[in-house]
Each structure stands twice: as structure tokens, then as C-alpha cells.
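Right, one structure below, let's go through it.
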Amino acid sequence: MRLILKDVYGQPGKVVVTAHRGFSGKYSENTLAAFRAAEALGADILEFDLRGTKDGVPIVLHDRTFERTANQPGKPGDYTLSEIRGFTASYWEGAHDTGVRRAEPTASDVRIPTFEDVLNGVGEGVGLNIQVYDTTPPVLAEIARLYRAHDLYDRAYLTMATYRDGERVRSLDARIALCVNESHGRMNEQALREQQAFGCRYVQPYTNDVSPEFCRRAKALGLCVNLFCSNTDDDNRRYIAMGVPGILTDWPDILQNTLRSLGRL
């Protein structure tokens, strides 16, 4: 069944589980293995990051360079896709904040996927939070083309760093849903109202932004809060008690266990 994000957030008492870079606590982040594992686990949304290659192809990579996850020098724009296809992307093991970089890859057959690889490699029953780091015209145009070609309007949104970047997306396709992180870490009521006025439905506050009052105000404005991020049962319980309707996590299994114990899953 095709997922519709507004219906997921509309479920009473629902806490939306977003797998940050896939099931990245257990599998190599931002890889098809991590995405498929999170999907199989029943995560509601997959979050991942896009950057552009030398030949303008959007690939899934968080960092500016390949050094941490693929043990390669340079950045995506230094290489063509055919060159990147040969990189092994399993040098980082564990969560984004507590993991370690290994001297050798944990698996030799793990590759960096393209945006299109992800769209073809996961089902329509999972939502997508697509963080866009490369806003150069060719790459952004290709992201918008693939978004349109795969009809992602109801099940995905693009997370942009600034309102200016959001306007660039709108100039390509005004129907694409947006989240803007310009006030990330300082998301007060004014910032929430600015996001609402810009037409954002989704907001992604840092943990220091969130309080029970913040959650109440966001709900009153019709905004869906997706907290970045929570990786332990204790933290999950704390933020759920505040009223957050969505959490990004490297450990979707831990969050699901928390929700089960609270009778919320």
C-alpha cells in the first residue's frame, strides 16, 4: 500500500518513526542495506542525504567528503558516478554520533547508492525525508525530475538548509513539499510561524528546541514535528512525554520498543 504522509501524521497518538540515514545504528549509513532493514522493521520514514557527482547525478552521502564512510579522498563533485560506483561505503560502524571509523570496511560489497537507486530499491509503503545538500542547478533539477517521475508528492518531502534553497526548489516544481532547517537549533515560536508562512508542513527541530510548549504551539500551527534526534530508550520516553509526533533515530528498533512498552505501537 502506498504511504500518504498526511494520513500517518493524522493518526491519533501516533509517534512517527524516521530511520535516520536508514537503520544506521546497525547497518552502514545511507546505503540500501540500511534503508531496506529500516523498511523491513516497519519504520514510517527513511531519512537520507543527497549530494551531486561531477556528472550531475544525485548520490546518497551525508558528509562533504567520502573520507569517513568510504575511505576515499575528495568530495562527490570530484568524481563521476562510474568512479564512485567502485567505492566501498562501510568504513563507519554505528550511530552517527557514537560510531567509529574502522581501518577496514565492515563489508566489501556495500556501495553508495544514487537517489534513483533508493527510489527503485524501497517500496511505496515508506515515506521519505530527503535532505538536499547540493543545490547547484543541474543536481537540483535532477532531484526535482526524479521526485516528479516517481510521484513522491504525497509520501516525501525535501529538507533544505535555507528558505533561499527552498525557493530554488519551488522555481522547479511548486508542488514539492518542503522542510526548511534555517532556524535549526533556535526554533522559537517566531521561527515556527515563519516556516508555516513559507508553506512548510514539516519541521525538524534539534533536541534543545523542543519542550511541551513548543510541541503545543507547533500542533496549533498545523506543523508536524520531527525531532533530531533520539537514540536511547530514556531519551525516547522524555521526548514522547513532551508531545513530539515524530522522532529521527539511528536505532528505529529501540524507538519501536519504547513505543510498544508505552502502548503506542
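Residue numbers run from 1 in the order of the sequence given. All values derive from a computational prediction rather than experimental measurement.
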Please determine whether a side-chain nitrogen of the Lys or Arg among Arg145 and Glu142 lies less than 4.0 Å from a carboxylate oxygen of the Asp or Glu. yes

Of all the heavy-atom pairs spanning Ser28 and Val110, show the shortest one and how long it is. CB-CG1, 4.1 Å

Could you walk me through whether His20 and Phe48 pass the ring-ring contact (aromatic ring centres under 6.0 Å, His included) check? CA-CA 7 Å; His20 179 240; Phe48 54 93; over 10 Å; no

Between Arg264 and Gly13, is there a donor-acceptor pair closer than 3.5 Å when you use the side chain of the first and the backbone of the second? yes

In this structure, would Val169 and Ile130 fall into the same cluster of hydrophobic residues linked by side-chain contacts under 4.5 Å? yes

If you count the non-hydrogen atoms of other residues, nucleotides and ligands that lie under 6.0 Å from NZ in Lys14, is the total more than 12? yes

Angle class for the Tyr153/Tyr147 ring planes (parallel below 30°, perpendicular above 60°, tilted otherwise)? perpendicular

Minimal non-hydrogen separation, Glu29 against His62, with atom names: OE2-CB, 4.1 Å

Minimum heavy-atom separation for Ile45 to Val16, with atom names? CD1-CG1, 3.7 Å

What distance do Leu227 atom CG and Ile240 atom CD1 have between them, rounded to the nearest 0.5 Å? 10.0 Å

Is the closest basic N to carboxylate O distance between Asp44 and Arg155 below 4.0 Å? no

Once ring pair (Phe, Tyr, Trp, His ring centres under 6.0 Å) is applied, what residue pairs with a partner in residues 158-183 remain, sequence neighbours excluded? Tyr163-Phe198

Ser82 and Thr80: side chain donor to acceptor below 3.5 Å: yes

For Thr258 and Asn236, which I'm curious about, is there any donor-acceptor pair between the side chains at under 3.5 Å? yes

State plainly whether the residues Arg237 and Asp233 are in salt-bridge range, i.e. N to O under 4.0 Å. yes

Check: Glu67 main-chain N/O paired with Arg101 side-chain donor or acceptor under 3.5 Å: yes

Please find the pair of heavy atoms, one from Met242 and one from Ser211, that lie closest to each other, and give the distance. SD-CA, 3.9 Å

So does Gly52 get a backbone contact from the side chain of Asp134, meaning a donor-acceptor N/O pair under 3.5 Å? yes

Kindly assign one of parallel, tilted or perpendicular to the pair Phe228 and His96, based on the angle between their ring planes and the thresholds 30° and 60°. tilted

So is Arg102 actually on top of Tyr91's ring, under 6.0 Å and inside 45° of the axis? no

Could you tell me whether the side chains of Tyr157 and Asn226 share a donor-acceptor contact shorter than 3.5 Å? yes

Side-chain donor-acceptor contact under 3.5 Å, Asn231 with Thr249: yes

With salt bridge (Lys or Arg N to Asp or Glu O under 4.0 Å) as the test, pick out the partner of Asp117 among Arg85, Arg111, Arg36. Arg85

Using 4.0 Å as the upper bound for N to carboxylate O, is an ion pair formed by Arg148 and Asp173? yes

Beyond-backbone contact of Gln204 with His184, side-chain heavy atoms, under 4.5 angstrom: yes

Side-chain donor/acceptor of Glu93 to backbone N/O of Val100, under 3.5 Å: no

Arg51 side, atom CZ; Thr65 side, atom OG1 - distance, nearest 0.5 Å: 9.0 Å

d(Phe35 CZ, Leu119 CG) to nearest 0.5 Å is 10.5 Å

I'd like to know if Arg68 and Asp63 make a salt bridge, using a cut-off of under 4.0 Å between side-chain N and carboxylate O. yes

Hey, what do you get for OG (Ser230) to CG (Leu255), rounding to the nearest 0.5 Å? 7.0 Å

Give every residue pair that meets the salt bridge (Lys or Arg N to Asp or Glu O under 4.0 Å) criterion with at least one member in residues 182-193, sequence neighbours excluded. Glu189-Arg193, Glu189-Arg217

For Ala38 and Phe23, work out which heavy atoms get closest and say how close. CB-N, 3.8 Å

Provide the closest heavy-atom pair for Thr53 versus Tyr79 in the form atom of the first, atom of the second, distance. CB-O, 3.6 Å

Are Glu167 and Arg164 within salt-bridge range, i.e. N to O under 4.0 Å? no

